[in-house]
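Report on the structure given below.
A, B, ... follow the sequence lines: proteins, then strands. Residue 1 opens every chain.
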Protein chains: 2
Amino acid sequence: MGVKERKERDRQEMRDQILKSAHQLFLEKGFDQISIRNIAEAIEYSPATIYLYFKDKNEIVHALHQDGFKLLNQHFQPLAKFEQPFERLKEMGKAYIKFATENPGVYELMFMRSEPMEHVSDCLDEEWREGDRAFEFLVETVAQCQSQGYFKGLHPHSFSMMIWSFIHGLCSLRISQHLGHVKGARESKISLDDIMTTTYATFSQALEKLKG
Amino acid sequence: MGVKERKERDRQEMRDQILKSAHQLFLEKGFDQISIRNIAEAIEYSPATIYLYFKDKNEIVHALHQDGFKLLNQHFQPLAKFEQPFERLKEMGKAYIKFATENPGVYELMFMRSEPMEHVSDCLDEEWREGDRAFEFLVETVAQCQSQGYFKGLHPHSFSMMIWSFIHGLCSLRISQHLGHVKGARESKISLDDIMTTTYATFSQALEKLKG
DNA sequence: TTCTTTTACTAAACACTGTTCATAACTCTT
DNA sequence: AAGAGTTATGAACAGTGTTTAGTAAAAGAA
């Protein structure tokens with residue numbers, strides 16, 4: 001009587017296939033370039049079929065949103081080996097930038113759009129676990145830095161918010177094509193990657209000076 | 001023989017009317033909610049008419065983009081009265097946040113979308129003057145702070161990029177609805193404005209510690 | 001004034017988008 | 001094999017940006 005189980009499995013497989021195709025399209029194109037008909041064609045099904053597995057487009061986007069956080073946490077995982085919290089903090093920033101520049105489409109959907117956020121509002125908080133994990137990892141690292149004399153007297157949660165704001169700002173300006181148009185960078189032949197590296201290095205230096 | 005002149009004036013008037021209506025719609029609704037047919041209805045003309053005055057939607061968006069920078073600079077102008085550069089720097093941040101929270105639709109189109117940026121690529125650099133002015137004002141202020149002992153040894157341009165990244169990150173996270181979903185802020189009843197104020201205050205404190 | 005040319009405008013269409021629904025086509029149970 | 005239940009889809013609706021062909025009005029020339 002494993003019929004229900006198989007059906008459930010088939011259903012899950014179909015969902016996965018849809019998400020996989022959608023993810024692929026996100027890597028190739030941008031947020032606005034992706035469409036239901038697009039995904040439907042990729043999985044060789046009718047557009048209407050997708051609505052049997054997902055309520056609407058936002059639900060697909062939200063699912064990819066969650067996958068994105070898992071991917072981000074995978075970027076963070078190997079950083080646990082850094083014993084020195086401040087070293088770990090700096091590596092976290094680099095890993096975040098690497099994630100954003102390597103997956104701009106996914107990053108855009110995770111952090112730069114309000115559409116998936118609206119869907120988050122009316123679903124269980126439990127679904128935010130992966131996102132929370134990433135931020136908690138940051139807060140913990142900041143707290144550990146403080147126990148070694150860094151960032152004295154500053155609230156770890158607020159300070160983490162500040163760090164995240166900076167890194168996100170840098171990454172999102174790059175993805176939204178603004179970085180190349182800033183005065184001083186526009187006319188010179190400095191690559192966008194160099195600007196990001198330089199700006200992040202400046203931030204790191206500033207953080208370093210906040211010791212003691 | 002003032003016929004050509006009058007025609008040119010009429011044309012400019014029509015352009016202004018289109019932009020005015022578009023701006024109004026941006027204040028009321030969001031970026032994705034605005035449409036050519038929408039604007040056309042507001043000015044009581046056919047949608048096709050708009051294409052006689054603007055090449056495409058992106059050109060409209062780009063025009064609003066420029067208006068937005070003028071508005072931002074208007075927020076910055078009164079700050080010249082602050083003689084102390086560090087005080088001025090802090091006030092600039094507040095003014096930027098004020099501008100972003102009061103004009104979220106305009107901010108979104110100015111800094112969070114790549115569509116208008118693509119149009120910028122193939123138009124004269126001259127059109128970036130207003131944007132450059134705002135950033136130069138920041139760089140100058142940072143340089144003046146350095147001459148008073150702040151941010152020693154850090155490159156003013158990179159440091160300005162860092163400051164802008166932070167502020168933009170904070171504002172964009174708020175506009176994209178992400179700020180309310182961060183662990184620690186989600187369950188508590190802290191308002192989004194409070195989170196922004198607190199985070200910015202933390203940033204200010206950090207900057208203050210970078211003296212000497 | 002009359003005729004011609006230029007300009008300003010728009011209705012209709014094209015190719016898209018997300019989404020819904022009746023209908024058809026399978027699958028499974030009896 | 002017949003009926004019930006599930007699954008897939010074609011067609012449609014309302015919306016989007018944009019183009020084109022055609023019309024009506026204004027301007028210039030006779």
Whole angstrom value for the distance that separates [atom2] of [N] from [atom1] of [X]:
X: K57(B); N: dT19(D); atom1: NZ; atom2: P; answer: 14 Å
X: I60(B); N: dT18(D); atom1: CD1; atom2: P; answer: 8 Å
X: K7(B); N: dC9(C); atom1: NZ; atom2: C1'; answer: 12 Å
X: R11(B); N: dA8(C); atom1: CZ; atom2: P; answer: 8 Å
X: Q17(B); N: dC9(C); atom1: CD; atom2: C1'; answer: 15 Å
X: E115(B); N: dT18(D); atom1: CD; atom2: P; answer: 11 Å
X: D10(B); N: dT6(C); atom1: CG; atom2: C1'; answer: 16 Å
X: I18(B); N: dC9(C); atom1: CD1; atom2: P; answer: 9 Å

Any side-chain heavy atom of H75(B) within less than 4.5 Å of one from Y96(B)? no
Do other residues, nucleotides or ligands put more than 12 heavy atoms under 6.0 Å from the CD atom of E44(B)?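 12 or below, so no.
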Could you list by number each residue of residues 23-36 of chain A showing a heavy-atom separation from DNA chain C of less than 4.0 Å, or answer none if no residue does? I34(A), S35(A), I36(A)
May I have the step-by-step check of salt bridge (Lys or Arg N to Asp or Glu O under 4.0 Å) for E136(A) and R133(A), ending in yes or no? CA-CA 5 Å; E136(A) 273 169 11; R133(A) 256 185 65 192; over 6 Å; no
The side chain of [X] is closest to which nucleotide in this list: [options]?
X: Y53(B); options: dT19(C), dA8(D), dC9(C); result: dC9(C)
X: Y51(A); options: dA27(D), dG17(D), dG18(C); result: dG18(C)
X: L52(A); options: dT20(C), dT9(D), dT10(C); result: dT9(D)
X: Y45(A); options: dC9(C), dT9(D), dT19(C); result: dT9(D)
X: R6(B); options: dC9(C), dA27(D), dG10(D); result: dA27(D)

Is there, by distance only and without an angle test, a donor paired with an acceptor across the side chain of R37(B) and the base of dG15(D) below 3.5 Å? no
The reported gap from OG in S165(B) to CG in L179(A) (rounded to nearest 0.5 angstrom) is 7.0 Å
Approximate separation, where rounding is to 0.5 Å, of L64(A) CG and F69(A) CZ: 12.5 Å
